[in-house]
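When a ligand or atom number is given, it counts from 1 through the structure's own listing order.
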Amino acid sequence: MSEKSPKLRAELDGIPTYKPGRPAAAGGPVAYKLSSNENPYPPLPGVLESAIAAAGNFNRYPDMACTGLMNELAERFGVPVSHLATGTGSVGVAQSLLQSTSGPGDEVIYAWRSFEAYPIITQISGAKAVPVPLTAGDVHDLDAMADAITDRTRLIFVCNPNNPTGTVVRRAELERFLDRVPSDVLVVLDEAYREFIRDADVPDGIEIYRDRPNVAVLRTFSKAYGLAGLRVGFAVAHEPVAAALRKTAVPFGVSQLAQDAAVASLQAEDELLGRVGSLVCERNRVYETLVKQGWTLPETQANFVWLRLGERTTDFAAACERAGVVVRPFAGEGLRVTIGETEANDLFLHTAEAFRREL
Ligand SMILES: *Cc1c(COP(=O)(O)O)cnc(C)c1O
């Protein structure tokens with residue numbers, strides 16, 4: 001007598017599981033986590049205090065409309081509240097975007113390799129994933145992405161800067177691409193690392209979206225703002241996209257703690273962005289040192305660097321770990337290393353130098 005198990009949607013078969021960056025080993029020599037693109041700084045005092053105050057109301061549901069945060073974002077970015085939607089991290093918002101636009105029979109285009117959540121959430125939606133290889137320089141191939149559009153295309157992700165390569169698409173090429181996308185196909189500009197960009201030719205998605213109703217911008221508090229553990233992100237999009245996002249969001253998904261900490265972060269923005277400035281200096285130092293060591297790597301505008309190591313990837317990741325830094329290997333392809341504390345970056349650079357000599 002064999003009992004049947006509950007029927008699950010066939011689309012879930014073979015979904016890759018999201019691999020979180022490994023934590024630094026407890027009890028190891030020194031251990032730094034450079035595997036998840038987190039901000040190494042602890043929360044600013046004002047942010048911590050507002051989160052602690054919110055913790056006193058754990059017995060209550062949060063404000064479902066995220067009123068305080070929505071008002072703060074509307075003012076900060078000069079957009080109407082009706083063009084905003086929040087979610088459990090920008091991945092939560094991205095999942096709502098798919099739920100709002102795509103299902104079986106539809107197609108979703110993204111560059112590859114790019115953010116590893118895209119294939120997962122696309123497959124969950126039931127839509128067909130259409131990955132388009134990056135160029136030889138590890139940049140989005142926007143011409144090939146536009147060529148991949150069909151009658152069934154519903155959504156296109158453009159990750160700018162791209163995770164895990166750190167490369168960017170610039171204003172002129174992005175505008176040219178957007179001009180080729182039909183107005184009923186949604187383009188999602190995923191700008192998780194926006195605050196780390198120093199290249200003036202990289203457009204601000206929030207400027208791009210204003211006169212393009214089929215563009216949505218994703219931002220997060222997880223990276224530059226240092227609130228990865230609180231799960232809060234948002235989208236800026238025209239109606240009716242923003243309204244669809246508010247419909248499909250998990251009710252009460254963003255905790256009051258997250259809402260209040262996000263507001264406090266926006267209010268402490270000068271100080272926060274000062275820290276981001278220090279990380280950008282560190283990024284430039286790490287990049288230049290690697291180049292001096294003889295590495296070839298794509299220019300990065302994010303808080304990480306990408307080394308295309310091919311078959312040597314896992315060996316190098318193991319060497320980093322022995323040195324006390326945990327990085328993010330993509331076996332057979334390359335390695336993403338987050339810019340962290342100066343000591344952590346130095347440990348990584350020493351390992352890179354030694355490894356380079358052995359190549
Ligand atoms: C980290 C990251 C996000 C943000 O994830 P959250 O869910 O907001 O923590 C979104 N997109 C990309 C490309 C990322 O790297």
Side-chain angles (χ1 to χ4, degrees), residues 16 18-22 33-40 43 66 69 73 84-99 108-122 124 131 134 138-140 155-169 187-197 202 205 216-237 245 248-250 253-255 257-259 261-262 265-266 276 279 283 298 300-306 327-328 330 334-340:
Y18 190 99
K19 259 178 91 177
R22 293 234 333 274
K33 185 182 177 199
L34 301 183
S35 54
S36 293
N37 298 343
E38 294 152 335
N39 190 322
C66 296
L69 177 55
L73 289 171
L84 288 165
T86 53
T88 54
S90 55
V91 173
V93 186
Q95 190 151 21
S96 290
L97 280 168
L98 278 165
Q99 234 175 356
V108 173
I109 298 174
Y110 48 78
W112 199 250
R113 178 172 281 280
S114 186
F115 187 33
E116 65 175 320
Y118 301 155
I120 298 171
I121 59 180
T122 300
I124 292 171
L134 297 170
D138 282 320
V139 180
H140 276 61
L155 185 149
I156 306 173
F157 283 110
V158 176
C159 189
N160 201 25
N162 188 46
N163 177 4
T165 59
T167 52
V168 288
V169 297
V187 178
V188 179
L189 303 178
D190 185 347
E191 299 188 330
Y193 302 96
R194 170 73 207 161
E195 298 80 3
F196 297 98
I197 295 175
V202 179
V217 182
L218 284 180
R219 297 280 181 93
T220 180
F221 284 95
S222 296
K223 307 288 161 54
Y225 287 88
L227 302 181
L230 287 181
R231 313 307 305 127
V232 53
F234 62 98
V236 182
L245 289 177
T248 51
V250 173
V254 183
S255 72
L257 211 109
Q259 293 179 35
S265 297
L266 288 167
V276 169
L279 288 170
R283 168 187 81 201
T300 173
Q301 289 288 316
N303 65 336
F304 51 85
V305 292
W306 170 248
V327 298
R328 177 69 170 87
F330 296 87
L335 198 97
R336 189 192 68 200
V337 186
T338 306
I339 304 303

With nothing but distance in play, are any N or O atoms of D190 less than 3.5 Å from an N or O of ligand 1? yes
Heavy-atom gap F221 to ligand 1 smaller than 4.0 Å: no
Determine, step by step, whether Y193 and F304 satisfy the ring-ring contact (aromatic ring centres under 6.0 Å, His included) criterion, reporting the C-alpha distance in whole Å, the side-chain angles of both residues, the deciding distance to 0.1 Å, and the verdict. CA-CA 10 Å; Y193 302 96; F304 51 85; 5.0 Å; yes
Determine, step by step, whether L84 and V236 satisfy the side-chain contact (heavy atoms from CB on, under 4.5 Å) criterion, reporting the C-alpha distance in whole Å, the side-chain angles of both residues, the deciding distance to 0.1 Å, and the verdict. CA-CA 5 Å; L84 288 165; V236 182; 3.8 Å; yes
In terms of atom number and element, which parts of ligand 1 are under 4.0 angstrom from non-hydrogen atoms of K223? 1 (C), 2 (C), 3 (C), 4 (C), 14 (C), 15 (O)
Where is the nearest protein heavy atom to atom 7 (O) of ligand 1: which residue, which atom, and how far? R231 NH2, 2.6 Å
If you measure every N or O of Y118 against every N or O of ligand 1, does any of those distances drop under 3.5 Å? no
So, the side chain of E191 versus the backbone of G205: is there a donor-acceptor pair under 3.5 Å, distance only? yes
Going by distance alone, is a donor N or O of one side chain under 3.5 Å from an acceptor N or O of the other, for R336 and N163? yes
Distance filter under 4.0 Å to S90 heavy atoms, resulting ligand 1 atoms: 3 (C), 4 (C), 5 (O), 6 (P), 7 (O), 8 (O), 10 (C)
Is there a polar contact, in the sense of an N or O pair closer than 3.5 Å, between Y193 and ligand 1? yes
What's the verdict on side-chain contact (heavy atoms from CB on, under 4.5 Å) for Q301 and R283, showing C-alpha distance, side-chain angles and the deciding distance? CA-CA 9 Å; Q301 289 288 316; R283 168 187 81 201; 4.0 Å; yes
In ligand 1, which numbered atoms sit nearer than 4.0 Å to a non-hydrogen atom of S222? 6 (P), 8 (O), 9 (O)
With distance as the sole criterion, is a donor-acceptor pair present between the side chains of N162 and S114 under 3.5 Å? yes
Quick one: does any side-chain atom of T338 pair with a main-chain N or O of L34 as donor and acceptor, under 3.5 Å? yes
What are the atoms of ligand 1, with element, lying closer than 4.0 Å to any heavy atom of A192? 2 (C), 3 (C), 10 (C), 11 (N), 12 (C), 14 (C)
Short question: side chain of N303, backbone of N37 - any donor-acceptor pair under 3.5 Å? yes
Could you say whether the N/O atoms of G89 and ligand 1 ever approach to under 3.5 Å? no
Heavy-atom contacts with N163 under 4.0 Å: which atoms of ligand 1 show up? List them by number with element. 13 (C), 14 (C), 15 (O)
Give a yes/no verdict on whether any heavy atom in C159 is under 4.0 Å from an atom of ligand 1. yes
